J.: 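Could you have a look at this structure, given as structure tokens, before my questions?
Below, read A as the first sequence line, B as the second, and so on, with proteins coming before strands; counting in each chain starts at 1. Fair warning: this is a prediction, and the values are worked out from it, not measured in the lab.
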2 protein chains.
Amino acid sequence: MEERNLEKFSDLMNCPVRHVLDRFGDKWSVLILIMLDEKGTLRFNALHHTIPDISQKMLTVTLRTLEADGLITRKIYPEIPPRVEYQLTEMGSSLIPYIDGLAKWALHNMPHILRSRDQYNNKVTLN
Amino acid sequence: MEERNLEKFSDLMNCPVRHVLDRFGDKWSVLILIMLDEKGTLRFNALHHTIPDISQKMLTVTLRTLEADGLITRKIYPEIPPRVEYQLTEMGSSLIPYIDGLAKWALHNMPHILRSRDQYNNKVTLN
DNA sequence: CCGTATCCCGCCTGATACTG
DNA sequence: CAGTATCAGGCGGGATACGG
């Protein structure tokens with residue numbers, strides 16, 4: 001990411017929160033992990049059906065990245081037609097509870113946030 | 001965000017995880033919340049010093065968004081020179097434990113992820 | 001001190017077409 | 001079925017300059 005001025009940000013480079021956001025702040029990674037947790041093992045197209053609004057390209061890219069990071073496994077069956085199955089690794093599974101925690105917080109607080117945002121926008125546009 | 005084809009994604013629009021990522025997946029929001037939790041009340045420049053590598057523009061923008069969402073308060077002292085203090089709201093504070101959970105997971109697992117990523121890249125480039 | 005106002009680049013993402 | 005390859009657009013975010 002930021003390779004320059006390392007000396008200046010050396011303490012921030014070790015900040016775990018930065019790493020988490022850099023890694024999982026993208027649009028699809030977390031959602032895919034959740035789906036694999038909910039449904040267990042899934043084939044490429046089955047996964048695509050659970051997340052209809054992801055492009056095929058982004059699904060492939062995100063799956064490869066998750067595999068590279070050791071969060072999911074990719075098992076290829078040498079058949080015709082080809083079959084590829086994805087599932088969480090142990091490390092991938094260990095992340096789920098923390099995501100669920102955030103999800104529950106969101107479920108409870110998102111209404112407040114949206115209401116607050118509306119009020120704020122009204123105030124601003126009234127001036 | 002996606003205003004079209006709502007009927008198709010109606011169930012996904014209600015997915016709390018999507019909301020969380022849409023809202024906190026940006027580069028700075030979570031980091032600012034953590035700093036305000038650690039340090040308590042902070043002035044604009046003090047906050048900037050705790051996060052040196054954010055631009056002044058993005059600090060302002062992110063603070064306004066957090067304020068609009070009801071996660072922080074912004075208190076202006078009508079003095080010369082001006083003083084503005086930021087601190088977490090109750091809702092903002094309630095999010096911190098979940099962020100900490102993720103941070104601890106990251107602290108423990110990031111080394112594995114980075115190692116896995118390296119191995120994967122070596123494999124690929126060997127072919 | 002605490003911002004706003006512009007300009008602009010990188011790259012993430014989606015659309016589309018093609019392959020073993 | 002499960003992918004690559006390629007192209008194009010939008011937008012987040014940085015740099016810079018200015019203002020109360």
Side-chain angles (χ1 to χ4, degrees), chain A residues 1-5 8-9 12 18 21-32 35-36 41-68 72-87 124-125 127, chain B residues 1-5 8-9 12 18 21-32 35-36 41-69 72-87 124 127:
Chain A
M1 328 281 142
E2 306 118 282
E3 308 278 301
R4 292 148 266 192
N5 297 39
K8 197 173 161 194
F9 312 131
L12 289 174
R18 301 291 279 276
L21 289 179
D22 270 8
R23 175 61 191 83
F24 299 106
D26 72 321
K27 202 170 177 183
W28 303 112
S29 289
V30 171
L31 195 59
I32 289 176
M35 288 309 173
L36 287 177
T41 304
L42 282 178
R43 302 181 57 168
F44 185 87
N45 269 352
L47 196 47
H48 203 173
H49 286 136
T50 67
I51 313 174
D53 53 340
I54 187 175
S55 66
Q56 198 178 32
K57 174 189 170 185
M58 287 315 298
L59 182 54
T60 303
V61 168
T62 310
L63 284 172
R64 287 300 144 78
T65 312
L66 290 171
E67 186 200 4
I72 67 175
T73 58
R74 179 165 178 268
K75 194 168 179 181
I76 306 170
Y77 295 85
E79 306 170 356
I80 305 285
R83 177 159 58 114
V84 180
E85 290 184 344
Y86 297 92
Q87 63 178 318
V124 170
T125 51
N127 294 348
Chain B
M1 326 283 138
E2 306 119 279
E3 309 276 300
R4 293 148 266 190
N5 297 40
K8 197 172 158 194
F9 312 131
L12 289 174
R18 301 291 279 277
L21 290 179
D22 270 8
R23 175 59 192 84
F24 299 106
D26 72 322
K27 200 171 176 181
W28 302 111
S29 290
V30 171
L31 195 60
I32 289 175
M35 288 308 173
L36 287 177
T41 303
L42 282 179
R43 303 182 56 170
F44 184 87
N45 269 352
L47 196 46
H48 203 173
H49 286 135
T50 67
I51 313 174
D53 53 340
I54 187 176
S55 66
Q56 199 177 30
K57 173 193 170 183
M58 287 316 298
L59 182 55
T60 303
V61 168
T62 310
L63 285 171
R64 287 299 143 78
T65 312
L66 290 171
E67 185 200 4
D69 287 4
I72 67 174
T73 59
R74 178 164 178 269
K75 194 169 181 182
I76 306 170
Y77 296 85
E79 307 170 356
I80 305 283
R83 178 160 57 114
V84 181
E85 289 184 346
Y86 297 91
Q87 62 178 321
V124 171
N127 293 348

J.: For the residue pair B:Arg18 and A:Leu31, what are the closest heavy atoms and their distance?
T.: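 Smallest heavy-atom distance, with atoms named: NH1-CD2, 3.2 Å.
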
J.: Under 4.0 Å between a side-chain N or O of A:Arg74 and OP1 or OP2 of D:dG3?
T.: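 The answer is yes; a side-chain N or O of A:Arg74 sits under 4.0 Å from OP1 or OP2.
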
J.: Check whether any side-chain heavy atom of B:Leu63 lies under 4.5 Å from a side-chain heavy atom of B:Leu47, and answer yes or no.
T.: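 Yes; the side chains approach each other to less than 4.5 Å.
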
J.: How close do B:Leu42 and B:Met35 get, counting heavy atoms only, and between which atoms?
T.: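 It is CD1-O, 4.2 Å.
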
J.: Determine the minimum heavy-atom distance between B:Leu66 and B:Arg23, stating which atoms define it.
T.: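 That would be CD2-NH2, 3.1 Å.
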
J.: Could you give the CG-to-P distance, from B:Leu59 to D:dG13, as a whole number of Å?
T.: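 Interatomic distance, CG of B:Leu59 to P of D:dG13: 13 Å.
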
J.: How long is the span from the OG1 atom in A:Thr73 to the CD atom in A:Gln87, to the nearest 0.5 Å?
T.: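 Rounded to the nearest 0.5 Å, the OG1-CD separation comes out at 4.5 Å.
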
J.: Nearest 0.5 angstrom please: B:Leu59 CG to B:Asn45 CG, how far?
T.: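 It comes to 9.0 Å.
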
J.: OG1/B:Thr62 to CH2/B:Trp28 distance, rounded to the nearest 0.5 angstrom?
T.: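 Between B:Thr62 OG1 and B:Trp28 CH2, I get 8.5 Å after rounding to 0.5 Å.
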
J.: Under 4.0 Å from a heavy atom of chain B: give me the 5'-most and 3'-most nucleotides of DNA chain C that qualify.
T.: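 Contacts span C:dC1 to C:dC7, reading 5' to 3'.
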
J.: In whole Å, I'd like the distance from the CG atom of A:Asp22 to the C1' atom of D:dG13.
T.: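 Roughly 14 Å, once rounded to whole Å.
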
J.: Looking only at heavy atoms, what is the nearest atom pair of A:Phe24 and B:Leu21, with distance?
T.: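 In this case the closest contact between A:Phe24 and B:Leu21 is O-CD2, 3.9 Å.
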
J.: Just to be sure I understand the geometry, which residues of residues 76-86 of chain A put a non-hydrogen atom under 4.0 Å away from DNA chain D?
T.: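 Contacting residues: A:Pro81, A:Pro82, A:Arg83, A:Val84, A:Tyr86.
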
J.: Expressed as a whole number of angstroms, how long is the span from A:Ile54:CD1 to D:dA2:C1'?
T.: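 Taking CD1 of A:Ile54 and C1' of D:dA2, I get 14 Å after rounding.
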
J.: Within this structure, what is the OG1-NE2 distance for the pair A:Thr60 and A:His48, rounded to the nearest 0.5 Å?
T.: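 These two atoms lie 8.5 Å from each other.
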
J.: Rounded to whole angstroms, how far apart are CG on A:Asn45 and P on D:dG3?
T.: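 These atoms are roughly 9 Å apart.
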
J.: Name the pairs: protein N/O against N/O of nucleotides 6-11 of chain D, kept only if under 3.5 Å.
T.:
none

J.: Please find the pair of heavy atoms, one from A:Ile76 and one from A:Arg74, that lie closest to each other, and give the distance.
T.: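 Taking A:Ile76 first and A:Arg74 second, the nearest heavy atoms are CD1-NH1, 3.6 Å.
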
J.: Over all heavy atoms of both residues, which pair between A:Ile51 and A:Ile32 is shortest? Give the atoms and the distance, please.
T.: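 Looking at all heavy atoms of both residues, the shortest contact is CD1-CG1, 3.9 Å.
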
J.: Rounded to the nearest angstrom, tell me the gap between atom CZ in A:Arg43 and atom C1' in D:dG3.
T.: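 In whole Å, D:dG3 C1' and A:Arg43 CZ are 13 Å from each other.
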
J.: Residues two or more places apart in sequence or in another chain: which of them pass salt bridge (charged side-chain N to carboxylate O under 4.0 Å, His left out) with B:Arg64?
T.: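 Checked B:Arg64 against salt bridge (charged side-chain N to carboxylate O under 4.0 Å, His left out); zero matches.
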
J.: I need the CG-P distance between B:Asp26 and D:dG14, as an integer number of Å.
T.: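 Atom-to-atom, B:Asp26 to D:dG14, this comes out as 11 Å.
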
J.: Kindly calculate the angle separating the two end axes of the helix from C:dC1-D:dG20 to C:dG20-D:dC1, each obtained from five base pairs, and round it to 10 degrees.
T.: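 One end's axis against the other's: 50°.
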
J.: Taking only residues two or more places apart in sequence, or in another chain, which ones meet B:Glu85 in a side-chain contact (heavy atoms from CB on, under 4.5 Å)?
T.: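 Applying side-chain contact (heavy atoms from CB on, under 4.5 Å) to B:Glu85 gives B:Thr41, B:Arg43, B:Tyr77, B:Arg83.
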
J.: D:dT4, OP1 or OP2 - any side-chain N/O from A:Arg64 closer than 4.0 Å?
T.: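 Looking at the OP1 and OP2 atoms of D:dT4, one of them is under 4.0 Å from a side-chain N or O of A:Arg64.
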
